[in-house]
Colleague: 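One structure follows; several queries about it will come next.
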Amino acid sequence: MRPLTRRQALVLGAAGVGSVVVGGIGAAQTPLPWSAAPPDAHGPGGRAGGGVTPDADGATLVEPTVLTSEGGVLEVELEMAEREVRVGDVTARLLTYNGTVPGPTLLLRPGDTLRVRLVNRLDDVTNLHVHGLHVSPEGNSDNPFLAIGPGESFDYEIVLPDDHPAGTLWYHPHHHGMVADQMFTGLYGAIVVEDDLPAGRVLVVSDISLTEDGGVRQVSQPERMMGREGETVLVNGQVRPRITAAPGERQRWRVVNACTSRHLRLELEGQEVTVLGVDLGREAEPTPFGDLLLAPGNRADLLVTAAEGAATLRALPHERGGMMGMMGGATASSEPVTLATLEVAGTPAEPPEELPPAGAVRDLRDVEPAARRTLTFTMGMGGGRGPGGMTFGFDGRGFDAERTDQDVAAGTVEEWVIDNPTPMDHPFHLHVWPMQVVEAAGATVGPPTWRDVVTVPAGSRVVVRVPFEDLTGRTVYHCHILDHEDAGMMGVVDVRA
Ligand code: C2O
Ligand code: CU
C-alpha cells in the first residue's frame with residue numbers, strides 16, 4: 001500500500017473533510033463540559049482541566065516522510081522549530097522536526113553513516129539522541145552531553161557498524177532537564193534499520209495535553225512526580241487514524257512508544273498479530289501479542305494478518321504504581337484508549353509468503369560475567385531537586401554529568417541487577433549497548449530476550465547481561481519516564497579499554 005500524504009488523505013476521505021469542519025467549529029464554540037474544572041481536579045493521572053481534547057478527523061493513517069540512505073550515507077537536516085500542526089480536528093502549536101509531528105523517518109542499513117545537521121530554532125538548549133542505535137556515544141556521534149543552544153546548529157556523524165542489528169529505533173532530544181517537556185511537545189521520529197523483509201510502516205504512538213488555544217499544557221509538580229500522561233494519545237501525530245487492509249493482507253507495523261511515561265499494552269481484537277521483534281532484531285520465540293507491554297521507549301515490530309471486518313487498536317490500562325495515596329497517586333486511567341481503527345474489506349489479498357526463520361539469537365547466559373553490579377532506583381523525600389523536593393536518582397544520588405557512576409572495562413560482559421525498591425515502576429534504559437534480560441519478576445527468562453528499555457516493576461528487580469563490546473565511551477542510563485530522568489534518575493557509565 002502506498003502511503004498517502006496528509007493532504008491526500010484529507011482530500012480523499014469525504015468523512016474526514018466533513019468532520020474537520022464540524023469538529024473545528026464545535027471545538028471553537030462549545031465549551032467542553034470539564035473545561036471549567038480547576039487544575040488537577042482529576043488528580044495527577046487524569047485530566048488536569050483547562051484543555052481541549054481533539055477529536056478524530058476521519059483521516060487515514062499518514063506515514064511520516066521517509067528519508068532513505070543512498071550509497072551507505074544518509075545526510076539530513078533536522079530543523080527543530082515551533083510550528084502550527086493539525087492534530088485531529090484542532091490546530092496546535094507544537095515543536096517539530098522539519099515541520100511535522102512525528103519528524104521524518106530515517107531509513108538505514110547496517111554499515112551506513114548518518115549525518116544530521118541539527119538546527120535549533122527553539123528557545124532552549126537541546127541535542128539529539130538516536131535511541132537504540134549501537135553507535136559511538138562520543139564526539140559528534142550519539143553524545144547525550146552535547147548542548148546545542150538556541151539559534152545554533154550542529155553536525156552529527158553517526159556510523160553504524162556493519163553488523164548493526166536490524167530493528168525499529170527512534171530519535172528524540174536528550175538535554176538533561178528538558179527532555180520530557182521537549183518530547184511531550186512533539187519532538188520524536190522513527191529510525192528503521194532494515195532487514196530483508198519489506199520495511200512496513202511506522203506507527204509512532206505519543207501522548208499530549210493541549211490547551212484551549214492549541215498550546216501544549218504545562219504539567220503540574222505531581223504529574224512530574226508520577227510521570228505525566230497526556231490526555232490525548234496520537235498515532236503518527238493523528239487522532240484515531242483509520243488503517244485499511246484487504247482480507248488476508250499482511251502488514252508490518254513498527255510501533256514506537258514515544259510517550260513520556262505511558263506504558264502501552266496493545267490489543268487488536270479479532271486480528272492475528274505476530275510479534276516479530278521488540279526493540280532490536282527478531283525474537284527467538286515471539287512474545288505472544290497479548291503479553292506485550294511497551295514501556296516508554298520500547299518498540300514492537302508486528303505482523304498483522306488482516307481478517308475481514310473492523311477492529312480497533314487499543315492501549316489497555318496499565319497500573320504502574322504510585323505514591324500510595326500521598327499525591328492521590330494512581331498512574332493508570334481505568335479505560336482503554338483507542339489508538340487507531342483497522343478496516344478490512346475488499347478483494348482478498350494473495351496469501352502472504354512464508355516468513356524467513358528468525359535465525360540464532362545470541363545468549364550470554366553461558367558467559368561468566370567479568371563483573372556484577374547492582375543499580376538501585378531511588379526516590380527520597382525532601383532536599384532534592386526533583387518535583388516536590390524529592391530526590392530522584394540511582395543509589396541515592398541524582399544525576400551529575402561530571403561524575404562517572406559505573407566504570408566498565410571494554411570487551412567484557414557484565415551482569416547488572418536493576419533493583420527497584422520504590423513504589424512505582426521504572427523503565428530502565430541503557431544507551432548504546434543492548435541488554436539481555438536474564439531474570440524478571442523473580443523468574444529466569446526463557447528464550448534469549450534483548451531489550452534497550454526494560455521495565456522494573458515496583459518492589460522488584462530485573463537482571464540483565466550487557467556485552468560491552470566493540471564500542472567505548474561515556475554515556476548514560478536512566479529511567480525512561482522522562483520526568484524522572486529530568487529530575488535526576490540518570491547515571492553515567494564509562495566504558496574504557
Ligand atoms: Cu530514549 Cu536516553 O533515551
Ligand atoms: Cu522512573
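Both counts, for ligands and for their atoms, begin at 1 and track the order of listing.
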Colleague: Compute the centroid of each ring, for Tyr171 and then for Tyr188, and state whether the two points are separated by less than 6.0 Å.
Modeller: no
Colleague: Can a donor-acceptor pair be found between the side chains of Asn298 and His480 at a distance below 3.5 Å?
Modeller: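 His480 and Asn298 do not have a side-chain donor-acceptor pair below 3.5 Å.
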Colleague: Looking at every non-hydrogen atom in both residues, tell me the closest pair between Leu280 and Gly132 and how far apart they are.
Modeller: CD1-O, 3.8 Å
Colleague: Would you say His480 has an N, O or S atom lying under 2.8 Å from the Cu ion (ligand 2)?
Modeller: no
Colleague: Find, among atoms of His484 that are N, O or S, the one nearest to the Cu ion (ligand 2), and state its name.
Modeller: ND1
Colleague: In His426, which N, O or S atom comes closest to the Cu ion (ligand 2)?
Modeller: ND1
Colleague: So with a 6.0 Å cut-off around CD of Glu285, is the heavy-atom count from everything else above 12?
Modeller: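 Atom CD in Glu285 is not packed in, count stays at 12 or less.
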Colleague: May I ask you to check whether His478 and His176 place their ring centers less than 6.0 Å from one another?
Modeller: no
Colleague: Would you say the ring centers of Trp170 and His429 fall short of 6.0 Å from each other?
Modeller: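 Trp170 vs His429: aromatic centres not under 6.0 Å.
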Colleague: Any chance CD of Gln218 has more than 12 other-residue heavy atoms, nucleotides or ligands included, within less than 6.0 Å?
Modeller: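 Open.
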Colleague: Output, by chain and residue number, all protein N/O/S atoms separated from atom 1 (Cu) of ligand 1 by less than 2.8 Å.
Modeller: His131 ND1, His172 NE2, His480 NE2
